[in-house]
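All remarks here apply to the structure that follows.
This is a predicted model, so every value here is computed, not measured.
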Amino acid sequence: MFISRKKYEADLEKAFQDGRESVFEQRRMDDCMREVHIRMDEVCKRLSRMEEAHRPVKVCPTEEEVTFTACSPCRCF
């Protein structure tokens, strides 16, 4: 089958244009996904800081929680 030079160049230009658009769209989607991940990381960090700020504070242990052990050199408590 014979194809004219004009038709060949038009098809070639169309393929280049489609390729450029495809690469542009892929890069744009990659940039959007990167932005989404950065924002999600920031939200997670903020949430963890908020959770840390609202955790109950551990008070000094009661007598039941404290175990006394003697130190080995002098056997004092």
Side-chain angles (χ1 to χ4, degrees):
M1 186 168 148
F2 179 74
I3 187 168
S4 68
R5 179 88 174 164
K6 186 176 181 180
K7 174 79 171 152
Y8 170 77
E9 288 177 357
D11 289 344
L12 190 61
E13 183 61 35
K14 184 177 183 285
F16 279 133
Q17 185 66 25
D18 291 344
R20 276 186 241 134
E21 288 176 8
S22 174
V23 168
F24 175 76
E25 284 296 317
Q26 185 63 42
R27 285 186 181 173
R28 191 175 68 83
M29 291 301 292
D30 289 343
D31 289 342
C32 289
M33 291 303 291
R34 191 176 306 113
E35 288 288 325
V36 166
H37 285 287
I38 289 171
R39 289 179 183 172
M40 289 295 289
D41 288 340
E42 290 172 358
V43 167
C44 289
K45 287 177 186 175
R46 274 189 255 141
L47 281 174
S48 68
R49 284 195 303 260
M50 289 170 62
E51 288 173 348
E52 186 69 30
H54 291 290
R55 283 196 181 137
V57 177
K58 180 145 174 92
V59 295
C60 295
T62 61
E63 288 183 20
E64 294 85 29
E65 295 175 341
V66 176
T67 55
F68 293 100
T69 56
C71 61
S72 53
C74 66
R75 298 300 218 191
C76 65
F77 285 95

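- Remark: S4 pairs with K6, K7 by the side-chain contact (heavy atoms from CB on, under 4.5 Å) rule, at least two apart or across chains.
- Note: D18 CG to E13 CD = 10.0 Å, rounded to the nearest 0.5 Å.
- A salt bridge between R34 and D31 is present, with a side-chain N of the basic residue lying under 4.0 Å from a carboxylate O of the acidic one.
- Looking at R28 and E25, a side-chain N of the basic residue comes within less than 4.0 Å of a carboxylate O on the acidic one, giving a salt bridge.
- With values rounded to the nearest 0.5 angstrom, R27 atom CZ is found 11.0 Å from S22 atom OG.
- With sequence neighbours excluded, no residue forms a salt bridge (charged side-chain N to carboxylate O under 4.0 Å, His left out) with D30.
- Hydrophobic clustering of Ile, Leu, Val, Met, Phe, Trp and Tyr side chains at less than 4.5 Å, counting indirect connections, unites F16 with Y8.
- Applying side chain to side chain contact (heavy atoms under 4.5 Å, CB included) to R49 and the options E51, K45, E52 leaves one that passes, K45.
- Taking CG from L12 and NZ from K14, the interatomic distance works out to 12.0 Å, rounded to the nearest 0.5 Å.
- Scanning for salt bridge (charged side-chain N to carboxylate O under 4.0 Å, His left out) contacts around D41 gives an empty result, with sequence neighbours left out.
- In R20, the CZ atom is crowded: over 12 heavy atoms of neighbouring residues, nucleotides or ligands sit closer than 6.0 Å.
- Note: E21 CD to Q26 CD = 14.0 Å, rounded to the nearest 0.5 Å.
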